[in-house]
S.K.: 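Would you mind keeping the following structure in view while I ask a few things?
Residue numbers start from 1 in every chain, and the chains themselves are labelled A, B, ... in the order their sequence lines are given, proteins ahead of strands. The structure presented is a predicted model; accordingly, all values stated were derived computationally and were not measured. Every heavy atom of this structure was used, including side-chain atoms; hydrogens, water molecules and symmetry mates were not.
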Amino acid sequence: MFNQRVKIKQLLMGNDAASAVGSEVVVMGWVRTFRNNQFIALNDGSTNNNVQVVAGLGEFDDAILKRITTGASLKVKGVVVESQGKGQTVEVKATSIEILGDSDAEKYPLQPKKHSLEFLREKAHLRFRTNTFGSVFRIRHSLAFAVHQFFNERGFLYLHTPIITSSDAEGAGEMFRVTTLPLEGAPKNDAGEIDFTQDFFGKSTNLTVSGQLEGELGAMAFSDIYTFGPTFRAENSNTTRHLAEFWMIEPEVAFNDLEDNMNLAEDFIKHLIAYVMQHNADDLQFLDGRLAEEEKQLPTEKRSGLGLIEKLKFVSENGFERITYTEAIDILLNSNHYKKKKFQYDVKWGIDLQSEHERFLVEQHFKKPVIVTNYPAAIKAFYMRMNDGCEPGKETVAAMDILAPGIGEIVGGSQREERLERLEARMNAMHIPLEEMSYYLDTRRFGSVPHAGFGLGFERMVQFVTGMTNIRDVIAFARTPNNCEY
RNA sequence: UCCUAAGUAGCUCAGCUGGUUAGAGCAUCUGACUGUUAAUCAGAGGGUCCCUGGUUCGAGUCCAGGCUUGGGAGCCA
């Protein structure tokens with residue numbers, strides 16, 4: 001068997017027999033730096049902390065030492081010893097060093113120095129080997145695990161909703177078409193349009209923009225379900241918080257109303273943060289320091305004031321502010337910011353809240369996450385439940401958005417319209433073809449119940465927890481307009 | 001898609017009002033040193049100044065068009 005190694009994280013944690021001073025170990029990993037022809041900083045991705053391998057002077061061939069370059073992979077046998085130097089308590093005194101893979105120092109793109117995130121984005125296949133991306137992707141993993149843990153503990157069923165879908169009525173955004181028809185000379189029907197009855201599925205299909213509708217079908221049997229999978233939007237969005245391919249978590253719960261829904265979402269976010277704080281303390285510490293360095297470069301008024309860990313602690317320990325859309329509008333209208341005409345977009349009841357409005361509420365006014373509820377029906381999707389007793393002309397739906405400092409909307413959700421007649425009326429008004437949605441309406445025809453759900457953008461959550469400002473830096477290989485490398 | 005800033009060595013950047021052979025730090029290579037922590041010291045190599053066209057005696061520098069990237073906006077998660 002080749003693999004008898006001890007992971008570097010385990011070795012450095014020091015509560016294991018293999019990490020005890022005096023024991024013989026095998027470590028494998030990639031060289032981060034090689035100092036003084038003697039000290040190898042070796043990393044295997046289990047932690048940002050490198051193990052220091054000491055190659056005693058004169059004990060190894062020059063031919064081997066020359067090949068210990070940044071990026072090279074090594075198998076080291078040695079003895080765990082107390083370190084004579086500062087910076088680490090134990091180190092590995094090498095008895096044998098085997099080069100598993102050479103790395104030409106003149107060609108290897110990652111140098112033992114700081115790189116810009118923009119540069120590393122172009123070297124996405126190697127950036128995992130840096131401290132920043134090591135931490136980000138270990139935290140991303142932890143968050144994914146915590147998602148499943150949270151729902152599993154609460155008896156939710158993980159429903160795998162399809163990635164290819166024929167439903168195009170959801171209206172969540174532009175879709176990517178899926179077809180096997182030839183681009184040139186595609187079959188046409190009598191009307192001169194492309195004849196999708198001859199396509200692979202016999203109809204027009206797309207990549208999913210949301211698993212919600214299918215999720216609702218599951219919730220009408222299992223009561224509590226969640227989805228967690230990739231979703232696709234063909235929007236030409238070029239921002240620090242949009243991707244063409246991203247991961248979304250969508251719980252859907254029968255017998256929940258809007259308040260239950262908010263409670264679930266808030267508990268969920270707090271669980272995710274708490275999990276990472278407990279299991280990725282090292283990585284958070286590193287990112288906290290990295291962010292603090294970055295903040296120093298900013299002018300005072302642009303600094304966030306709270307460190308990353310302080311922010312997470314604050315969010316996980318304090319209740320989110322809950323206000324209605326109407327209250328939000330009033331707050332904006334009464335703000336000095338508004339009176340001094342500092343908003344670029346006008347504020348009045350009925351508008352969709354702009355980024356600047358959301359930022360004001362979250363970052364200036366409340367200084368904590370805010371849940372905004374009961375938006376005007378006119379600006380929200382067809383499946384959201386109409387609130388009863390609204391003033392005519394000011395109809396609202398039981399929607400809720402969670403706005404987070406720094407990234408804006410992180411959750412969007414609602415109580416769903418469970419009343420068949422109301423739903424059909426709304427769909428008709430919005431010109432959504434009822435026939436195509438017949439399967440969906442069946443849930444309202446046969447044993448309909450009040451239910452609610454939400455969608456959480458996974459990458460935005462990773463952004464929030466890691467403090468990374470560009471969403472392209474929290475997904476392994478980002479897909480954005482004009483960019484699909486790897 | 002719109003607004004805006006940028007593109008010069010492997011990386012991060014400087015390069016004035018157009019003027020001789022385009023610079024620095026880090027990285028790399030060579031040598032010295034050897035308990036280092038982004039090691040240190042000495043030396044060397046390394047450039048399609050984003051692309052195309054234009055103005056000019058002369059363009060990294062000015063003009064036009066294009067490409068790419070960052071930031072902001074819209075759409076949203």
Side-chain angles (χ1 to χ4, degrees), chain A residues 32-41 49-58 65-66 69-71 81-88 91 93 103-123 130-131 170-174 209-212 228-250 265 298 302 343-345 352-359 379-381 401-404 407-413 454-464 469-475 480-483:
Chain A
R32 285 287 176 84
T33 61
F34 184 30
R35 284 184 296 269
N36 238 348
N37 227 17
Q38 205 178 163
F39 303 103
I40 306 162
N49 301 312
N50 307 318
V51 67
Q52 172 152 291
V53 172
V54 182
L57 284 175
L65 295 178
K66 283 260 187 257
T69 54
T70 304
V81 297
E82 277 179 40
S83 181
Q84 296 171 38
K86 288 170 188 163
Q88 59 278 318
E91 61 194 20
K93 180 100 171 88
S103 171
D104 184 340
E106 290 198 59
K107 292 182 182 146
Y108 185 62
L110 303 185
Q111 301 158 4
K113 57 171 282 192
K114 280 226 161 68
H115 289 293
S116 68
L117 294 174
E118 291 82 6
F119 172 73
L120 291 171
R121 227 168 270 156
E122 291 174 7
K123 305 275 180 262
T130 65
N131 285 334
E170 222 247 313
E174 287 296 310
V209 292
S210 162
Q212 182 202 314
F228 184 7
T231 44
F232 307 86
R233 308 264 168 102
E235 302 285 351
N236 189 10
S237 297
N238 294 287
T239 76
T240 54
R241 54 191 190 285
H242 289 87
L243 292 164
E245 175 182 301
F246 65 101
W247 288 63
M248 189 153 61
I249 296 137
E250 296 178 287
L298 295 175
K302 284 205 140 186
F343 287 121
Q344 190 190 338
Y345 291 87
D352 208 351
L353 296 179
Q354 302 294 321
S355 289
E356 59 175 352
H357 304 140
E358 296 180 349
R359 294 186 85 102
I379 59 171
K380 287 292 183 181
D401 283 357
I402 301 185
L403 311 176
I407 43 179
E409 187 177 344
I410 192 168
V411 162
F454 62 85
L456 176 132
F458 186 57
E459 281 77 17
R460 291 192 182 170
M461 189 65 206
V462 182
Q463 275 189 282
F464 185 72
T469 50
N470 194 316
I471 201 166
R472 297 165 197 215
D473 294 330
V474 299
I475 189 165
T480 52
N482 263 316
N483 174 35

S.K.: Where do N or O atoms of nucleotides 1-7 of chain B meet protein N or O atoms at under 3.5 Å, pair by pair?
M.R.:
from : atom 1 : to     : atom 2 : distance (Å)
B:U1 : OP1    : A:N236 : ND2    : 2.8
B:U1 : O4     : A:N238 : ND2    : 2.9

S.K.: In the strands shown, is B:U34 matched to any nucleotide by a Watson-Crick or G-U wobble pair with both distances under 3.5 Å, and which?
M.R.: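 Across any shown strand, B:U34 pairs with none.
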S.K.: Do you know which two heavy atoms are closest between A:R472 and A:R121, and how far apart they sit?
M.R.: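 It is CB-CD, 4.0 Å.
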S.K.: Mind checking A:L243 for me? I need base, sugar-phosphate or nothing, with any heavy atom below 4.0 Å counting as a touch.
M.R.: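 If one applies the 4.0 Å heavy-atom cut-off, A:L243 turns out to touch a base.
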S.K.: If you check the A:L57 side chain, which of B:A27, B:U34, B:C29 turns out closest?
M.R.: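 Looking only at side-chain atoms, A:L57 lies closest to B:U34.
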S.K.: Quick check: closest heavy atoms across A:K66 and A:T69, and the distance to 0.1 Å?
M.R.: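 The pair with the smallest heavy-atom distance is O-CG2, 3.6 Å.
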S.K.: Just checking A:F39: base, sugar-phosphate only, or nothing, at a heavy-atom cut-off of under 4.0 Å?
M.R.: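 Base contact - A:F39 has a heavy atom under 4.0 Å of at least one base atom.
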S.K.: Scan nucleotides 38-40 of chain B against the protein and return all N/O pairs shorter than 3.5 Å with their distances rounded to 0.1 Å.
M.R.:
from  : atom 1 : to    : atom 2 : distance (Å)
B:A39 : OP2    : A:R35 : NH1    : 3.1
B:A39 : N6     : A:N36 : OD1    : 3.1

S.K.: Could you tell me whether the side chain of A:Q88 has a donor or acceptor atom within less than 3.5 Å of a complementary atom in the base of B:U36?
M.R.: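 Counting by modelled atom types and ignoring angles, a donor-acceptor contact under 3.5 Å is found here.
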S.K.: Remember a base hit wins even if backbone is also touched, and classify A:K86 as base, sugar-phosphate or nothing at under 4.0 Å, heavy atoms.
M.R.: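 Touches a base.
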S.K.: Please confirm whether the shortest side-chain N or O distance from A:Q111 to OP1 or OP2 of B:U28 is below 4.0 Å.
M.R.: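 So the side-chain polar atoms of A:Q111 never come under 4.0 Å of the phosphate oxygens OP1 or OP2 of B:U28.
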S.K.: With respect to the phosphate group of B:G72, does any side-chain polar atom (N or O) of A:R359 fall under 4.0 Å of OP1 or OP2?
M.R.: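 No, outside the criterion.
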S.K.: Quick one: which protein N/O atoms are closer than 3.5 Å to N/O atoms of nucleotides 66-70 of chain B? Pair and distance per line, please.
M.R.:
from  : atom 1 : to     : atom 2 : distance (Å)
B:G70 : OP1    : A:R121 : NH1    : 2.8

S.K.: Who passes ring pair (Phe, Tyr, Trp, His ring centres under 6.0 Å) against A:F458, sequence neighbours left out?
M.R.: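 So A:F458 forms a ring pair (Phe, Tyr, Trp, His ring centres under 6.0 Å) with A:F228.
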S.K.: Please report, rounded to the nearest Å, how far the P atom of B:U12 is from the NZ atom of A:K123.
M.R.: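 In whole Å, B:U12 P and A:K123 NZ are 10 Å from each other.
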S.K.: Could you list the protein-to-nucleotides 41-49 of chain B atom pairs, N/O on both sides, closer than 3.5 Å?
M.R.:
none

S.K.: Would you mind reading off the distance between A:F232 atom CZ and B:C75 atom C1', rounded to a whole angstrom?
M.R.: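 For the pair A:F232 CZ and B:C75 C1', the rounded distance is 19 Å.
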S.K.: Remember a base hit wins even if backbone is also touched, and classify A:E250 as base, sugar-phosphate or nothing at under 4.0 Å, heavy atoms.
M.R.: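 The residue A:E250 makes no contact with any strand.
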S.K.: Of the nucleotides B:U36, B:U34, B:A73, which one has an atom closest to the side chain of A:Q52?
M.R.: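 Nearest listed nucleotide: B:U36.
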S.K.: If we take the C1' atom in both B:U17 and B:G58, what is their distance in whole Å?
M.R.: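 The answer is 15 Å between these two C1' atoms.
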S.K.: Do A:H242 side-chain and B:C76 base share a donor-acceptor contact under 3.5 Å?
M.R.: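 Side chain to base: pair found, below 3.5 Å.
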S.K.: What interatomic distance, in whole Å, is found between P of B:C62 and the corresponding atom of B:C16?
M.R.: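 Each nucleotide's P atom is 9 Å from the other's.
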S.K.: In chain order, what residues pass the ring pair (Phe, Tyr, Trp, His ring centres under 6.0 Å) check against A:F232, with sequence neighbours excluded?
M.R.: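 Scan of A:F232 (ring pair (Phe, Tyr, Trp, His ring centres under 6.0 Å), adjacent residues dropped) gives none.
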S.K.: At 4.0 Å (heavy atoms only), tell me whether A:T70 reaches a base, stays on the sugar-phosphate, or touches nothing.
M.R.: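 Answer is nothing: A:T70 stays at 4.0 Å or more from every strand.
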